[in-house]
Amino acid sequence: MASEGQQGNGRRGRPLWAEIDLDALAHNVRALKSLAGGAELAAVVKANAYGHGAVGAGRAALEAGADRLAVICVEEGEQLRQAGIEAPILVMGYTPLGEERRIIELRLTPTVNSRDQAEALAAAAVEAGVVQAVHVKVDTGLNRFGLRPPEAIALAGWIRDVPSLQLEGLFTHFANADEGDKSYTLEQYRAFTQTAERLPWVPLRHVSNTANLLDMPEMSLDLVRPGIGIFGCYPAGNRRSSAELRPVLSLRSRIVRLSPLPAGETVSYGRTWRAERPSLIGLVTCGYGDGLPRVLSNRGSLLVRGRRVPIVGRVCMDMSMADVTDVPEVAEGDEVTIIGRDGEGQITAEEIGELCGTISYEILCGIAARVPRLFLRQGQVIGAETLVHKPAEEASVQAW
Ligand SMILES: *Cc1c(COP(=O)(O)O)cnc(C)c1O
């Protein structure tokens, strides 16, 4: 039976919540950091920390030993600063021109991708009277974002001579880090190190996401950038688990209505499921509007009283139905585990990703903002992030 009542029966509100196990997160940060040897660890908390709640997860990662945080855009950095997080924050993605003053005010570390951007940032830094740290991304074969080695070397050289800028980091990102065949990764790594050798004065060189850190810890260089591993998932295809990671997120709901259904009746839109026997159907308050993919209609399963039960009929925006006929003593109010453990049963984000033809990342990122995040330590709720309460607010726990 699932752990009772992080969201007890006395709680107000719709019975659907995500439990974020901060002890598991801390364990993962420590495990990944020890794999990285002496390298710094930047916890990647983009996309609301892969659905886990950026502020709560970011804070916990720093407490567990992460040296800095990494995000994709300025606004994600701003959210962390507004919550009072002081650690360095690397903005790894594309930043348009015009964001320079905001970057400086928020003390973010952007990835500079053009001479224009470097000039604008340098001018804004002079105006503010600061030296602005920046990183340069080298595109070594992902062919997505970053500068080709010759351009990266040229821009780095230009930045070196600008007193208001400091080129703190040089990095690249791998195309195939989660595959067993490491030949392309080695090619990219060689292109990166050849570039870095031309710029030996840059203090932080970094290449590793979770998959590469797990498989090739010898490439940790000065800093590693794990994301999914912090949240306890192994990257797609990564079977060589050199670290034991613990899933951080559980998504839970309750059976809010239990309906006996005569044989021959159908369930949900489109009448895609028909009862072949007299059945008991549990109504669950979670749908695709919460992040439960609609392709799980008649395919996915849920856990009730530690048992797997099939999702029957179409998943709707706000609700879904499960056939709970075979669950002894099933009752209205029973907890339903959509992702996570319940007794002997477990459904992982990886499993759901595979069923949906995607990866755990997309399942986790897809958990909607209206699903409250409860932050747990030793099984106790110590904070909550909801549509209306930020984790910084004392009120968040009481409100829960
Ligand atoms: C998202 C991202 C990461 C983290 O990747 P994981 O596979 O989640 O570990 C690292 N580096 C960059 C540039 C990223 O965009």
Side-chain angles (χ1 to χ4, degrees), residues 25 28-29 31-33 35-36 39-52 54 57-58 61 66-74 76-77 88-95 108-113 134-147 152 168-179 185 188-189 192 204-217 219-243 245-249 348-350 353 358-367:
L25 186 147
N28 298 335
V29 169
L32 293 167
K33 189 154 179 175
L35 254 189
E40 270 195 43
L41 185 144
V44 178
V45 293
K46 61 188 177 186
N48 197 29
Y50 296 50
H52 292 64
D67 301 280
R68 54 180 79 207
L69 300 178
V71 295
I72 288 299
C73 59
V74 171
E76 289 180 328
I89 298 172
L90 174 63
V91 178
M92 302 185 295
Y94 167 80
T95 303
L108 303 177
T109 307
T111 298
V112 171
N113 199 50
V134 301
H135 288 218
V136 163
K137 186 170 190 181
V138 191
D139 185 352
T140 55
L142 181 57
N143 294 320
R144 190 179 69 176
F145 179 55
L147 298 169
E168 180 192 49
L170 189 75
F171 69 110
T172 194
H173 195 47
F174 293 133
N176 255 351
D178 56 2
E179 277 180 24
T185 299
Q188 282 193 270
Y189 187 66
F192 178 77
L204 297 177
R205 298 156 303 150
H206 49 107
V207 300
S208 281
N209 59 0
T210 300
N212 202 60
L213 176 55
L214 290 173
D215 285 359
M216 313 289 271
M219 289 185 191
S220 295
L221 299 175
D222 306 301
L223 183 144
V224 293
R225 311 184 304 264
I228 197 76
I230 304 263
F231 306 107
C233 294
Y234 292 94
N238 185 286
R239 305 269 178 261
R240 260 178 63 192
S241 47
S242 44
L245 303 175
R246 300 184 191 155
V248 171
L249 180 142
T348 61
E350 289 102 310
T358 183
I359 52 178
S360 62
Y361 300 62
E362 189 177 351
I363 301 303
L364 293 170
C365 290
I367 299 174

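Positions are given from 1 along the sequence. Whatever order the structure lists them in is the order used to number ligands and atoms, beginning at 1.
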Would you confirm whether [X], through its side chain, and [Y], through its main-chain N or O, come within 3.5 Å as a donor-acceptor pair?
X	Y	value
T172	V207	no
T109	L90	no
D178	P235	no

Could you tell me the residue and atom name of the protein heavy atom closest to [atom], and the distance to it rounded to 0.1 Å?
atom	answer
atom 7 (O) of ligand 1	Y361 OH, 2.7 Å
atom 12 (C) of ligand 1	H173 CE1, 3.4 Å
atom 1 (C) of ligand 1	K46 NZ, 1.4 Å

Are P235 and ligand 1 in contact, using a heavy-atom cut-off of under 4.0 Å?
no

Residue part near ligand 1, for R225, under 4.0 Å between non-hydrogen atoms:
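For R225, backbone and side-chain atoms both sit under 4.0 Å from ligand 1.
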
Does R205 come within less than 4.0 Å of E40, counting only side-chain N to carboxylate O?
no

For D139 versus R144, what's the shortest heavy-atom pair and its separation?
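Taking D139 first and R144 second, the nearest heavy atoms are OD2-N, 3.4 Å.
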
Return the minimal non-hydrogen interatomic distance between Y234 and E350, and the atom names on each side.
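That would be N-OE2, 3.2 Å.
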
Do [X] and ligand 1 have an N or O pair less than 3.5 Å apart?
X	result
Y50	yes
A211	no
G229	no

Nearest heavy atom to atom 9 (O) of ligand 1: which of N212, T210, L142 does it belong to?
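That would be T210.
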
For [X], counting its heavy atoms only, list the atoms of ligand 1 lying under 4.0 Å from any of them.
X	result
G227	4 (C), 6 (P), 8 (O), 9 (O)
I228	6 (P), 8 (O), 9 (O)
P226	9 (O)

Check the angle between the aromatic planes of Y50 and Y361 and answer parallel, tilted or perpendicular using the 30° and 60° thresholds.
tilted

Can you tell me if S220 and S208 form a side-chain donor-acceptor pair at under 3.5 Å?
no

